[in-house]
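Let me begin by presenting the structure, written as structure tokens, before commenting on it.
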There are 2 protein chains.
Amino acid sequence: MKDLKLIIDNYLPLRDVVFITLREAILKGEIEPGERLMEISLAEKLGVSRTPIREAIRKLELEGLVIMTPRKGAVVAEITLKDLRDVLEVRKNLEKMAVELACQKATEEDIMELKQSHQKFIENMSNPDLTELAEADVRFHDVIYRITDNKRLIQILNNLREQMYRYRLEYIKDEKQRSILVHEHAQIIQAIENKDITKAKEFSENHINNQEKTIAAKLTS
Amino acid sequence: MKDLKLIIDNYLPLRDVVFITLREAILKGEIEPGERLMEISLAEKLGVSRTPIREAIRKLELEGLVIMTPRKGAVVAEITLKDLRDVLEVRKNLEKMAVELACQKATEEDIMELKQSHQKFIENMSNPDLTELAEADVRFHDVIYRITDNKRLIQILNNLREQMYRYRLEYIKDEKQRSILVHEHAQIIQAIENKDITKAKEFSENHINNQEKTIAAKLTS
DNA sequence: GATTTGCATTTTGTATACATTGTACAATAT
DNA sequence: ATATTGTACAATGTATACAAAATGCAAATC
């Protein structure tokens with residue numbers, strides 16, 4: 001485990017600070033799957049007491065990022081290729097649901113916002129900082145999610161996306177993939193604007209399938 | 001808030017016992033939406049210290065059953081009709097996904113198991129204890145979930161179902177509804193056996209729609 | 001009378017102490 | 001040599017103590 005540093009925010013309770021810190025460390029792979037999360041050593045590393053650590057671990061547990069065995073402690077959950085496929089299978093379905101709802105509910109302003117976030121993405125295309133680009137991608141999808149006006153759907157999609165956080169850079173590393181991505185986004189926007197549910201779902205499915213391929217390729221290598 | 005009693009299980013840590021107890025109390029409506037969850041009073045009521053209470057609340061928070069405001073504490077989340085519709089909208093989609101996967105993956109034994117759990121449900125039809133019947137219904141759906149062989153899907157569906165726990169008795173109270181339910185289950189089994197995805201999804205959608213109607217009727221009354 | 005200020009109380013946030021359980025390893029018995 | 005048991009140690013589980021913030025209310029001020 002690398003050195004951990006608290007992402008300090010005075011307005012947040014320590015448990016949330018610890019939670020965010022640990023989650024990020026796990027998703028980035030800084031704490032590896034299978035590694036034990038020991039309360040005392042984490043408390044020392046982060047300079048807080050065991051209490052906030054424990055409460056953070058409880059949350060990680062419910063998110064499925066760590067596995068608890070009573071009296072033995074927490075270990076970072078292993079993620080198998082099967083797990084990832086499961087996540088993507090559900091996500092594909094819900095993304096299709098999201099664009100369907102977007103087709104039905106999107107206003108003129110919503111379409112505008114979609115186009116703007118798409119534009120922002122394009123502007124970042126040549127940005128060497130891939131993190132920026134990845135976040136522009138996230139924001140694009142966030143706009144679609146918001147349009148669905150379904151809190152539960154948004155919550156679940158955000159969680160599923162989080163599960164794949166550590167692979168988020170993979171599918172935008174490649175220049176060719178990136179232009180495909182832009183094209184797919186454009187297609188989706190167009191379909192939503194035309195309120196063409198069938199097409200929107202088709203493009204969306206395609207979009208996720210491409211991600212799946214890239215990630216699967218990365219994992220089996 | 002009624003008296004709470006711990007659901008004691010010597011093999012579970014107190015935090016989990018408290019978590020299960022509080023969750024059930026919230027879902028059953030024994031602790032009402034808007035009500036505050038105060039650590040000290042809960043600790044006294046349940047006869048444990050604040051620590052397990054706090055850890056249980058952290059989990060309830062992530063499940064969306066309570067809302068935390070830093071330095072102010074936890075209150076039971078209000079559930080609006082809109083929230084329920086959101087839940088059902090997502091659930092409908094994922095239930096359809098589940099039966100589709102079931103059509104593709106079900107073995108002979110799986111079909112047998114489905115029929116058995118369906119039979120058990122029928123046997124409980126005249127059981128005056130509605131809880132038993134409700135649980136037989138749950139077990140039927142569990143079989144379908146298991147057949148999908150998608151952990152993430154199962155986890156999300158279980159969570160969504162939990163959100164509706166407090167209404168689970170509504171749609172089996174009525175004798176007429178009950179026979180409809182049985183018929184719908186039979187239809188779904190048949191479609192899965194025939195590997196007829198279209199029909200299976202159709203029946204499944206219908207099944208959820210009926211629940212939605214019953215619950216909506218209950219709520220708007 | 002309305003508003004503000006200050007204090008007491010309550011409640012949550014965090015740290016620490018104590019209890020219990022699990023683990024590793026060595027010593028002993030078979 | 002293997003199995004078993006006992007013991008020390010380490011980690012988690014639980015309780016409690018202390019700190020800090022929020023709340024309610026009363027007194028003071030305008």
Side-chain angles (χ1 to χ4, degrees), chain A residues 1 4-23 25-26 31-77, chain B residues 1 4-23 25-26 31-77:
Chain A
M1 190 189 312
L4 292 177
K5 234 186 230 162
L6 279 184
I7 303 158
I8 294 170
D9 179 335
N10 290 327
Y11 294 97
L12 247 52
L14 275 181
R15 59 163 177 276
D16 290 328
V17 174
V18 173
F19 174 60
I20 293 167
T21 306
L22 288 181
R23 182 174 56 182
I26 292 173
I31 312 181
E32 287 176 19
E35 200 167 335
R36 290 186 66 186
L37 292 179
M38 277 179 300
E39 299 169 4
I40 298 176
S41 92
L42 282 176
E44 283 169 0
K45 266 201 188 65
L46 298 176
V48 299
S49 82
R50 277 177 61 208
T51 310
I53 302 279
R54 287 177 63 82
E55 296 185 358
I57 290 179
R58 296 288 103 46
K59 291 183 157 195
L60 294 170
E61 184 190 354
L62 215 69
E63 274 209 341
L65 289 176
V66 309
I67 307 288
M68 284 287 309
T69 11
R71 292 267 163 209
K72 287 190 69 176
V75 298
V76 176
Chain B
M1 189 191 313
L4 291 178
K5 232 185 234 163
L6 278 183
I7 302 159
I8 296 172
D9 180 336
N10 290 325
Y11 294 96
L12 249 50
L14 274 181
R15 59 162 178 275
D16 290 328
V17 175
V18 173
F19 174 60
I20 293 168
T21 305
L22 288 180
R23 182 175 56 181
I26 292 173
I31 312 180
E32 286 174 19
E35 201 167 334
R36 289 186 66 186
L37 291 180
M38 279 179 301
E39 297 169 5
I40 296 176
S41 91
L42 282 176
E44 283 168 359
K45 265 200 189 65
L46 297 177
V48 299
S49 82
R50 278 177 61 210
T51 311
I53 301 280
R54 287 177 63 82
E55 296 184 0
I57 290 177
R58 296 290 93 72
K59 291 183 159 194
L60 293 169
E61 183 191 356
L62 214 69
E63 275 210 341
L65 290 175
V66 309
I67 307 288
M68 286 287 311
T69 8
R71 292 267 163 209
K72 288 189 72 176
V75 297
V76 177

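Letters A, B, ... are given to chains in the order of the sequence lines, protein chains preceding strands, and every chain is numbered from 1.
- For the pair A/Arg50 and A/Pro70, both in contact range of DNA chain C, the more 5′-proximal nearest nucleotide belongs to A/Arg50.
- Side chain A/Arg71 to base C/dT20: a donor-acceptor pair is found below 3.5 Å.
- Each of B/Leu14, B/Ile40, B/Leu42, B/Leu37 was checked for a side chain to side chain contact (heavy atoms under 4.5 Å, CB included) with B/Ile53, and the lone residue meeting it is B/Leu42.
- Counting heavy atoms from C-beta on, the side chains of B/Glu55 and B/Val18 never come closer than 4.5 Å.
- In terms of modelled atom types and a separation under 3.5 Å, the side chain of A/Arg36 and the main chain of A/Lys72 share a donor-acceptor contact.
- Between B/Ser49 and D/dA15 there is a side-chain N or O to OP1 or OP2 distance below 4.0 Å.
- Of the candidates C/dT12, D/dT16, C/dT23, the closest approach to any side-chain atom of B/Ile40 belongs to C/dT12.
- Two residues are said to be in side-chain contact when any heavy atoms from C-beta on lie closer than 4.5 Å; A/Val76 and A/Glu32 fail this criterion.
- Atom CG in B/Leu14 sits about 12 Å away from atom P in D/dT16, given to the nearest Å.
- DNA chain C lies under 4.0 Å from at least one heavy atom of each of the following residues of residues 51-64 of chain A: A/Thr51, A/Pro52.
- OP1 and OP2 of C/dG13 both lie 4.0 Å or more from every side-chain N or O belonging to B/Lys72.
- The side chain of B/Arg36 has C/dT11 as its nearest neighbour among C/dT16, C/dT11, D/dG13.
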